[in-house]
Amino acid sequence: MARNKIALIGSGMIGGTLAHLAALKELGDVVLFDIAEGIPQGKALDIAQSAPVDGFDVELTGANDYAAIEGANVCIVTAGVPRKPGMSRDDLLGINLKVMEQVGAGIKKYAPNAFVICITNPLDAMVWALQKFSGLPKNMVVGMAGVLDSSRFRHFLADEFDVSVEDVTAFVLGGHGDSMVPLARYSTVAGIPLPDLVKMGWVSKGRLEEIIQRTRDGGAEIVGLLKSGSAYYAPAASAISMAEAFLKDKKRVLPCAAHLSGQYGVKDMYVGVPTVIGGGGVERVIEIDLNKSEKDAFDKSVGAVAGLCEACIAIAPNLK
Ligand code: A3D
């Protein structure tokens, strides 16, 4: 039986970490692709040389030609540029949109049956453009942000309550940006919703608001510390969980930037919503009930994403 093939388009900080995690988990053979010569080859060789120590049997290769991704089951896209201190995700739009056009053409030609996970920022607009440039089915192109944002929220909550991260679930909706919507009502410790924990005296309302704000600023906090780029360990781990859900047909319920065709009153946009990911890609979009303030926050976030899509169309009118 042939192994799965995982193509990583972009072999920078996240790409290299993705390759290492995919290999350690033996998800399949890994192809690292980049326009920078030597980087994907060097990272592939370095990780392959750790295989005897860690005991994984997968093939790792590096390439500068899209032909190398031929027949990939999963493509994870990080090609482009990351943020530097003082930059917002939206500042990356012009450069990364051109990159998405090239990546979309490469995937269309060599891996049209793949499940494509986009990580490049500004996420919700880039995944929308990538789907259009590649022409792949909308349920097979998805953006990674919600798993990361909710994992950040879970980490902060577990730390605050001094409980295992395993017992904390968290829910984040909306675009991957300053307007993301962490939902306290749907976030729990072992099934107990956060508003109940406030009543039980585990945390004050004010402190919970601080944690929610820290979650929203989670990416910027790391950019400020690293100074040379943005987060990569947690983003890579998050995308790998989505790839695994697809490859193993796990039907996991994960928040992702999914294509909406009327759900939540949104048409032809990618926005962060709960989805079911299995062997059919994004098999379902789950529509949860939102109260007035949650809906207002969600709509505001959608408005921000719509603005980015308009900016993309101004640069590339063929996206319309
Ligand atoms: P970085 O380490 O710079 O890697 C990007 C790689 O893309 C580099 O190796 C470049 O050579 C390569 N590249 C540039 N142009 C092309 C091209 N046309 N074709 C192929 N490869 C190309 O960045 P990174 O890995 O830290 O981050 C990658 C992207 O992920 C950035 O846009 C970040 O903003 C984004 N990011 C998103 C999240 C989300 O949660 C959505 C989190 C963290 C980072």
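Just follow the structure's listing: the first ligand is 1, and inside any ligand the first atom is 1.
- A distance of 9.0 Å separates CG in D90 from CZ in R83, rounded to the nearest 0.5 Å.
- Of the N or O atoms in L92, none lie within a sub-3.5 Å distance of an N or O in ligand 1.
- Which parts of ligand 1 touch H176 is read off a 4.0 Å heavy-atom cut-off, strictly below it: atoms 39 (C), 40 (O), 41 (C).
- A heavy-atom distance below 4.5 Å is not found between the side chains of V99 and T120.
- Protein heavy atom at the shortest distance from atom 23 (O) of ligand 1 is P82 CG, 3.5 Å.
- Note that CG of L123 is 11.0 Å distant from OH of Y270, once rounded to the nearest 0.5 Å.
- Between R89 and D124 there is no salt bridge, since none of the side-chain N atoms of the basic residue sits less than 4.0 Å from a carboxylate O of the acidic one.
- Here the NZ atom belonging to K132 is positioned 10.0 Å from the CG atom belonging to N318, to the nearest 0.5 angstrom.
- Ligand 1 is approached by A231 to a heavy-atom distance shorter than 4.0 Å.
- A 4.5 Å side-chain heavy-atom check between E70 and V31 finds every atom pair outside the cut-off.
- Set against the non-hydrogen atoms of M144, the atoms of ligand 1 under 4.0 Å away are 39 (C), 40 (O), 41 (C).
- Among protein heavy atoms, the minimum distance from atom 42 (C) of ligand 1 is reached at P235 CG, 3.7 Å.
- For Q102, every heavy-atom contact with ligand 1 shorter than 4.0 Å involves the side chain, none the backbone.
- Within the 4.0 Å heavy-atom criterion, the part of V81 lying near ligand 1 is the backbone and not the side chain.
- Environment of CD in E59: sparse, with no more than 12 heavy atoms of neighbouring residues, nucleotides or ligands closer than 6.0 Å.
- Polar contact check, D34 against ligand 1: a nitrogen or oxygen pair lies under 3.5 Å apart.
- Between G80 and ligand 1, a contact under 3.5 Å exists for at least one N or O pair.
- On a distance-only criterion, S230 and ligand 1 share no N/O pair closer than 3.5 Å.
- Of the protein's non-hydrogen atoms, G12 CA, 3.3 Å is the one closest to atom 4 (O) of ligand 1.
- Checked for salt-bridge contact, K251 and D249 meet the test: a charged N lies under 4.0 Å from a carboxylate O.
- At least one N/O-N/O distance between N121 and ligand 1 falls below 3.5 Å.
- Each of the atoms 32 (O) of ligand 1 lies under 4.0 Å from some heavy atom of N96.
- Residue contacts with ligand 1, taken as heavy atom pairs separated by less than 4.0 Å, involve L148 solely via side-chain atoms from C-beta onward.
- Here is the list of ligand 1 atoms found below 4.0 Å of a heavy atom in L123: 41 (C).
- Classification of the F115-F246 ring pair by plane angle, with boundaries at 30° and 60°, yields parallel.
- With a 4.0 Å heavy-atom cut-off, ligand 1 is reached by the backbone of I35 and by its side chain too.
- By the criterion of a heavy-atom distance under 4.0 Å, neither the backbone nor the side chain of K98 is placed next to ligand 1.
- In terms of N/O distances under 3.5 Å, ligand 1 is not approached by V99.
- Ligand 1 is never approached by I9 to a heavy-atom distance shorter than 4.0 Å.
- Using a 4.5 Å heavy-atom threshold, the side chains of C118 and M100 count as touching.
- Counting only heavy atoms from C-beta outward, the side chains of L197 and F161 approach each other to under 4.5 Å.
- Ranking the protein heavy atoms by distance from atom 20 (C) of ligand 1 puts A79 CB, 3.6 Å first.
- At a threshold of 4.5 Å between non-hydrogen side-chain atoms, the residues T275 and R284 do not count as touching.
- For the ligand labelled ligand 1, residue I39 lies outside the 4.0 Å heavy-atom shell.
- Using a cutoff of 4.0 Å between basic side-chain nitrogens and carboxylate oxygens, K98 and E101 are not scored as salt-bridged.
- Each of the following atoms of ligand 1 lies closer than 4.0 Å to a heavy atom of F33: 20 (C).
- Using a 4.0 Å cut-off between charged side-chain N and carboxylate O, D299 and K295 make a salt bridge.
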